[in-house]
Student: 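I have a structure I would like to understand better, so I am pasting it below and will then ask my questions one at a time.
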Amino acid sequence: MLKNLVIVESPAKAKTIEKFLGKDYTVRSSFGHVMDLSKKNMGVDIEHDFEPKYEISADKKKLVSELKKLAKDAELVWLASDEDREGEAISWHLLNALKIKEAKSKRIVFHEITKQAILHAIENPRSIDKNLVDAQQARRVLDRLVGFELSPLLWRKVKPSLSAGRVQSVAVRLIVEREEEIKNFKSTSSFRTLADFRLKDSTAKQSFTAEYGLKFKTAEEAEKFLKTQIGANYKVNSVTRKPAKKSPAAPFTTSTLQQEASRKLGFSVANTMRIAQRLYESGLITYMRTDSLNLSEVAIQAAKEEIENTFGKEYIKTRRYTTKNKSAQEAHEAIRPTYMNRTGAGETREEQRLYELIWKRTIASQMSDAKLEKTVVEISSDKAEKNFIAQGEVLKFDGFLKVYIEGSDDENGEVKDGILPDLHTSDILELLQMVSKERFTKHPPRYTEASLVRKLEELGIGRPSTYAPTISTIQKRGYVVKETREGEKRNLRRFILKENEVKESKVTENTGAEKAKLFPTDIGVLVTHFLFEYFPDIMDYNFTANVEKEFDEIAEGRKAWNEMIKRFYGGFHEKVEDTLKNAGKYSGEKLLGQDPKTGKNIYVKIGRFGPMVQMGDTDSEEKPVFAGLQKGQSIETLTLEDALKLFSFPKNIGEYEGEPVTVAIGRFGPYVKHKNLFYSIKKDKIPATLTLDEAIQIIEEKREVERNKIIKVFAEDEKVKVLNGRYGAYLVIDKQNYKIPKGTDPTTLTLEDCYEISKDPKNMPKKRSFKRKK
DNA sequence: CAGTGAGCGAGCTTCCGCTTGACTT
């Protein structure tokens, strides 16, 4: 007979805790939520106080029946899911799904996985907090209602298979709006003047840079100013020294880890989470989905010891960080190494780099401030109205900077405060050179995955467990694309005063280059405008924050959850019905002009399959002709000329091997068609001007690849082939693919071996979850 | 994978938040 069954959310956690608790305790994991709303009829009975219809999630059925058996045998079941809204609901669902009597169960919580914390929790059990569960139900039902009423509305009014939701739609809005800001941004330029000085009549050769206190609007002004400085006298007017300090950043949360890994290691948000998961499962770091800045007392002590041993006592300054984030639930610790004295860990290079980042950030957070001395020197010219200013910074004590400097998203490379020579008031200076260079103002930066996460967190939208999935959803729906774009060269003007002469020189700089930035698509823009027009409340950046306040009131027992939902749903549902009935199709249609040959109208708009051009009117007798836009083309920038090119396909460009060769554009981009076979045209060729020779080359290249694909064929049975694919060798029998078991050399397979392989169901490829219909 | 955009009107898509594997042609 089982004495104690403890259920936590994560299996890695279960393993650790089992060690602390000894053999009277069996620790299992629920793998997160085990129940969810049914997908049928909203999963909510709207007529009867929004009663939720829960069911055991399909992928948890087996697990639940196992847990149920264990729970039945156990004397006592300890529900140890996380101490937050979702965790409370998980415990409540477990109670229901496992059919545990409440008297036989105890609810316990802990914020850190230390023996002390767990034993303390066991000694202080409580019962399930139904108010907190209700707050979760309100959250869950609200998200379901919003998502499952708005999405079908989009299917009807914009395009099938789209989606909308409290979190994703606002995420897309941020990107769409940022793009609009960028489009409306007018870049202006000004001239910034930097002078290099040196102490006159001194043996010290060290030069330093100072900036003139005025920027010039035009090249003429800049040039004129430099000319006035020929032969001018410079001296130090004043020197101000001020002590300053820098403090370390707090330990990592999910969001800050994603940002730093993006800035410093170039990891995507999903990649960071995948690698962190590996480190967590290997027991190297604490839980990676957290919004807490807390470190356990044990961890702080270990960090202190590590700092003392490696850097010395003067580098220690233990600190407790408190979150400013109102939506934080702090069910876990901050992300930190499990063992502070382990300076490196991880199997792959990626794991090692992420681990090192976490180690450094955590250690630095418990180190002393860096002490600096900031110096500001004002320099006057006897021929200029304003002064020149030089700023210097000297590090007096490095403190935490010894191990960690936080990254920055700032793209404007400012002149770094360097080290200044020892200067005093009235010192006479010698001018080495003076440069006035044009600088353009920069548009607000596009979001990266990580900076979008930061913004969402700032707005209190989404949770640590959903940042990465949200980013992937909005890309999967085609609202947003992550792209790297090359910049353009831009000419700048620059004037140099040197040896009593002012010369102009041209400089070019690269501008507008973007690396892995998020751009809205036509569909993203259209859906955002649609939702913003009809559902401004839901698209409001404060919507989540406002409903969170109500969830808190529910959690405190001051409000009934279904009352809150009822109040929200009334107006919302009415608006949905009204839009369904009264709003027309939302296609973003735009008249581009007329076809010069036929005079027919040419439109660009979003159709069932995405952006397209249309020649002729829908209500005319003749059916209009359609053509889809190509990758990289956009409704917003498409010209009449572009549209006419799209209508020129399919185009016959000649004959090869006695059969016609045509060029066309399909769902997957431009292609060459020959003898009923398709050959896609790569990006480096422009389909509109593709010659027959180029087409033949494409055909022959593909044939060559096809030939190399075959590893083995059998004369006895032509249907059986061993082929080389993207993921290595595989077997095909009569159009059905099979995996070849690991450790088998594909070149040695006999026909009999192949039949054997095809009989084992283990070798069947997994069915794709969604198959596109014709 | 491969040219769709329609007049039958099937049957499908979809939310957020909590967890890991499965496994790609």
Side-chain angles (χ1 to χ4, degrees), chain A residues 8-13 29-37 39 42-43 57 59-60 63 81-82 84-87 89-90 93 136 139-155 159-169 274 277 280-281 287 289 329 331 461-467 469-470 473 477 544 587 605-614 618 623-628 649-650 662 664-673 676-680 709 723-732 737-739 765-774:
Chain A
V8 295
E9 290 183 37
S10 143
K13 205 169 170 176
S29 147
S30 76
F31 292 80
H33 275 292
V34 294
M35 292 184 113
D36 192 18
L37 297 176
K39 294 216 175 198
M42 289 286 184
S57 310
D59 56 337
K60 299 288 166 58
L63 173 81
S81 47
D82 298 345
D84 57 18
R85 209 160 57 200
E86 300 297 327
I90 288 174
H93 286 151
Q136 193 274 344
R139 199 280 304 156
R140 182 68 191 90
V141 170
L142 178 93
D143 283 335
R144 170 54 67 83
L145 292 172
V146 170
F148 274 37
E149 295 225 347
L150 288 187
S151 300
L153 190 61
L154 291 178
W155 306 342
K159 184 173 143 17
S161 301
L162 294 177
S163 65
R166 174 176 59 81
V167 174
Q168 58 168 290
S169 296
R274 212 197 59 233
Q277 176 88 32
Y280 168 65
E281 283 168 11
Y287 196 56
R289 289 185 276 264
Q329 309 226 354
I461 299 170
R463 306 274 314 129
S465 68
T466 61
Y467 295 138
T470 300
T473 298
R477 297 276 173 276
T544 292
S587 71
K605 65 181 189 183
I606 303 263
R608 268 213 292 157
F609 305 105
M612 63 171 186
V613 284
Q614 174 184 328
T618 322
K623 218 180 122 183
V625 183
F626 302 96
F649 301 107
T662 46
I665 293 169
R667 265 176 13 96
F668 306 99
Y671 62 92
V672 174
K673 196 176 173 188
N676 260 330
L677 289 172
F678 298 89
Y679 304 88
S680 38
K709 211 175 128 182
L723 299 178
N724 207 357
R726 242 196 322 154
Y727 305 99
Y730 66 103
L731 172 67
V732 184
N737 292 343
Y738 301 94
K739 288 183 287 184
K766 214 30 212 261
K767 259 203 224 111
R768 309 280 265 137
S769 53
F770 170 65
K771 199 148 188 252
R772 175 174 287 281
K773 281 182 312 228
K774 264 212 103 161

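So you know, we letter chains A, B, ... as the sequences are listed, proteins then strands, and number each from 1.
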Student: DNA chain B: A:Glu281 or A:Met35, which has the more 5' nearest nucleotide?
Tutor: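 It is A:Met35 whose nearest nucleotide is closer to the 5' end.
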Student: Quick one: is A:Gln614 getting a side-chain N or O under 4.0 Å of the B:dG5 phosphate, OP1 or OP2?
Tutor: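 Answer is no, no contact under 4.0 Å.
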Student: In whole angstrom, give the distance that lies between atom CE of A:Met42 and atom C1' of B:dC16.
Tutor: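 After rounding, the reported distance stands at 15 Å.
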Student: Mind checking what makes salt bridge (Lys or Arg N to Asp or Glu O under 4.0 Å) contact with A:Arg144, not counting sequence neighbours?
Tutor: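 With sequence neighbours excluded, A:Arg144 shows a salt bridge (Lys or Arg N to Asp or Glu O under 4.0 Å) to no residue whatsoever.
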Student: Between A:Lys13 and A:Asp82, does any side-chain N to carboxylate O distance fall below 4.0 Å?
Tutor: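 So A:Lys13 pairs with A:Asp82 through a salt bridge.
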Student: What residues, two or more places apart in sequence or in another chain, satisfy side chain to side chain contact (heavy atoms under 4.5 Å, CB included) together with A:Val613?
Tutor: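 If we apply the side chain to side chain contact (heavy atoms under 4.5 Å, CB included) test to A:Val613, skipping adjacent residues, the hits are A:Val604, A:Ala627, A:Leu629, A:Leu638, A:Ala643, A:Leu646, A:Phe647.
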Student: Without decimals, in angstroms, what is the distance between A:Lys159 NZ and B:dT13 C1'?
Tutor: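 From A:Lys159 NZ to B:dT13 C1': 11 Å.
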Student: Give A:Ala89 one of three labels, base, sugar-phosphate or nothing, depending on what nucleic acid heavy atoms sit under 4.0 Å from its own.
Tutor: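 Answer is nothing: A:Ala89 stays at 4.0 Å or more from every strand.
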Student: For A:Ser163 and A:Arg477, which heavy atoms make the closest approach, and how far apart are they?
Tutor: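 Of all heavy-atom pairs spanning A:Ser163 and A:Arg477, the closest is OG-NE, 2.7 Å.
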Student: Whole angstroms only, please: what is the CG-C1' distance between A:Leu677 and B:dA2?
Tutor: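 Interatomic distance, CG of A:Leu677 to C1' of B:dA2: 12 Å.
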Student: Between B:dC16 atom C1' and A:Arg289 atom CZ, what is the distance in whole Å?
Tutor: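 So the CZ-C1' distance, A:Arg289 to B:dC16, works out to 14 Å.
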Student: Quick one: does A:Ser161 reach the base of B:dT13 with a side-chain donor-acceptor pair under 3.5 Å?
Tutor: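 Side chain to base: pair found, below 3.5 Å.
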Student: Pairing of DNA chain B as dot-bracket, 5' to 3': ( ) intra-strand, [ ] crossing, | other strand, . unpaired, with Watson-Crick or G-U pairs under 3.5 Å?
Tutor: .........................
Student: Confirm from the modelled atom types if A:Arg139 and B:dC16 form a donor-acceptor pair under 3.5 Å, side chain to base only.
Tutor: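 Side chain to base: pair found, below 3.5 Å.
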Student: Counting just side-chain N and O atoms, does A:Arg477 come under 4.0 Å of either OP1 or OP2 of B:dT14?
Tutor: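 Affirmative; the distance criterion is met.
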Student: Does A:Arg140 get its side chain close enough to the base of B:dC15, under 3.5 Å, for a donor-acceptor pair?
Tutor: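 Checked by distance alone, the answer is yes.
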Student: Quick check on DNA chain B: between A:Pro611 and A:Asp59, whose nearest nucleotide comes earlier from the 5' end?
Tutor: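 Nearer the 5' end of the strand: A:Pro611.
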Student: In whole Å, what is the span from the CG atom of A:Asp36 to the P atom of B:dC16?
Tutor: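 Distance, rounded to whole Å: 12 Å.
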Student: In whole Å, I'd like the distance from the CG atom of A:Leu162 to the P atom of B:dT13.
Tutor: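 Taking CG of A:Leu162 and P of B:dT13, I get 14 Å after rounding.
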Student: I'd like to check the ring pair (Phe, Tyr, Trp, His ring centres under 6.0 Å) partners of A:Tyr280; sequence neighbours left out, ordered by chain and number.
Tutor: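 Testing A:Tyr280 for ring pair (Phe, Tyr, Trp, His ring centres under 6.0 Å), a comparison that skips the adjacent residues, returns A:Tyr287.
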Student: Counting only side-chain nitrogens and oxygens, does A:Ser163 get under 4.0 Å of the OP1 or OP2 atom of B:dT13?
Tutor: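 No, outside the criterion.
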Student: Reckon A:Gln136 has a side-chain N or O less than 4.0 Å from the OP1 or OP2 of B:dG17?
Tutor: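 No.
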Student: When you measure from the side-chain N and O atoms of A:Tyr287 to the phosphate of B:dT19, is any distance below 4.0 Å, counting only OP1 and OP2?
Tutor: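 Result: yes.
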Student: Which residues pass the side chain to side chain donor-acceptor pair (under 3.5 Å) test with A:Arg608, not counting sequence neighbours?
Tutor: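 Testing A:Arg608 for side chain to side chain donor-acceptor pair (under 3.5 Å), a comparison that skips the adjacent residues, returns none.
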Student: Identify which nucleotide among B:dG3, B:dG5, B:dT20 has an atom closest to any side-chain atom of A:Thr662, counting heavy atoms from C-beta outward.
Tutor: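 The listed nucleotide nearest to A:Thr662's side chain is B:dG3.
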Student: Of all residues at least two apart in sequence or in a different chain, which pass the side chain to side chain donor-acceptor pair (under 3.5 Å) check with A:Gln136?
Tutor: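 A:Glu86.
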